[in-house]
Every structure is written in C-alpha cells, then in structure tokens.
Student: 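Would you mind keeping the following structure in view while I ask a few things?
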Amino acid sequence: MREKELRQSLAVLTVSSTMKLTGLSARQLRYYESFELVKPQRSTGNQRLYSLNDINRLLEIKDYLDSGMTMKEVRRVLGASIKPEVTATTTSAITDTQARKIFQEDMLRAGQWLDNQGPNSLG
DNA sequence: ATTCTTACA
DNA sequence: TGTAAGCA
C-alpha cells in the first residue's frame, strides 16, 4: 500500500480547502505553523499546500488543543511523527498540478456540501 | 479573487 | 485570535 501513503502525503490542498476541512481559520493554520505543529509544502508564490496527512494532523492538533494542551505540548506529542512531505515527483501518470486541481475540486465540493447541510435548511 | 507577511488590538 | 495594509 505504498500508493496510498504516497497520495495522502501529497501536498495539494490550498488554505481555503484546509480551512473548510479542518474548521480552523487561516490565522490558526499559520499560527500553528509558526510553532512547527505542521509543515505544509510551499508552491509557486509561496503558497501553502497541505496534504491529507496535514489535515489529519491538524484535526488532532485541534483535538489536543481543545483538551487544554499547549502548542508546545502538542508539538512534543506529534512532533516525533513529523515525516518529510513527498514532493510528488515519483507519483506516476498524473502531475502534481493535475492532482492539485482534481483534489481541489473534490474537496471544494465536499466543503460546499457540508456548508449546505449545516447552518440552515436543517429541518 | 486569493494568499502571504507583518503589525496592532 | 481577528483584522488591516501592501504585495505577488
């Protein structure tokens, strides 16, 4: 199952998508990064690119933080499992640009769906 | 339009 | 944390 791990460590998610998937604000994403709780990839224009791995990590961070843990503590717990991101060069047919586009569309759809299901029209 | 960094509250 | 300004 090398493919799976490879793909989940592919950094293809934009801040916008990451916000919706994690429920965290852009401010928090950057703030956490300053504490090295997450280490998103950078692409053209110094744009942050998160991987599904980062999403899960952020979700856990959010959970720990909610448990009253400090970011320093969270780093102590998750820091050890921080592994270098794959740069998507050995992926196969699709290019990282292609993958990024596909993932973004899918994730964005998911985000919009959640948006329509949550707030209103819940009757 | 969207994100990035820096800085103030 | 949120928000504003100036830039890419």
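Throughout, protein chains are lettered first and strands after them, A, B, ... in sequence-line order, and every chain is numbered starting at 1.
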Student: For Tyr31(A) and dC4(B), give me the distance from atom OH to atom P, rounded to whole Å.
Tutor: 18 Å

Student: Can you tell me how far C1' of dT6(B) sits from CZ of Arg30(A), to the nearest Å?
Tutor: 11 Å

Student: Given side-chain contact (heavy atoms from CB on, under 4.5 Å), test Asp54(A) with Thr18(A) step by step and report yes or no.
Tutor: CA-CA 9 Å; Asp54(A) 292 325; Thr18(A) 306; over 6 Å; no

Student: Asn46(A) CG to dG6(C) P: how many Å, rounded?
Tutor: 21 Å

Student: Tell me which of Arg27(A) and Val15(A) sits closer to the 5' end of DNA chain B, going by the nucleotide each one is nearest to.
Tutor: Val15(A)

Student: Would you say Lys62(A)'s side chain and Thr22(A)'s backbone share a donor-acceptor pair under 3.5 angstrom?
Tutor: yes

Student: Rounded to the Å, how far apart are Leu13(A) CG and dT2(B) P?
Tutor: 17 Å

Student: Could you tell me the separation between the CD atom of Gln47(A) and the P atom of dT2(B), rounded to a whole number of Å?
Tutor: 12 Å

Student: Please state how far atom CZ in Phe35(A) lies from atom P in dT1(C), giving the value in whole angstrom units.
Tutor: 10 Å

Student: Are Glu73(A) and Thr70(A) linked by a side-chain donor-acceptor pair shorter than 3.5 Å?
Tutor: no

Student: Please give, in whole Å, the distance from dT2(B) P to Leu29(A) CG?
Tutor: 16 Å

Student: Between Leu65(A) and Gly45(A), name the one whose nearest nucleotide on DNA chain C is closer to the 5' end.
Tutor: Leu65(A)

Student: Keeping Ser67(A) on the side-chain end and Met69(A) on the backbone end, is there a donor-acceptor pair under 3.5 Å?
Tutor: no

Student: Sub-3.5 Å donor-acceptor pair from the side chain of Asn56(A) to the main-chain atoms of Leu52(A), do we have one?
Tutor: yes

Student: Please tell me if Ser25(A) has a side-chain N or O lying less than 4.0 Å from either OP1 or OP2 of dG2(C).
Tutor: yes

Student: Decide, yes or no, whether a salt bridge links Glu36(A) with Arg75(A) under the criterion of side-chain N to carboxylate O below 4.0 Å.
Tutor: yes

Student: Please state how far atom OH in Tyr32(A) lies from atom P in dG2(C), giving the value in whole angstrom units.
Tutor: 9 Å

Student: Return one dot-bracket line describing DNA chain C 5' to 3' (Watson-Crick or G-U wobble pairs, both distances under 3.5 Å; ( ) same strand, [ ] crossing, | another strand, . none).
Tutor: ||||||.|

Student: Is there a donor-acceptor pair under 3.5 Å between the side chain of Glu60(A) and the backbone N or O of Arg57(A)?
Tutor: no

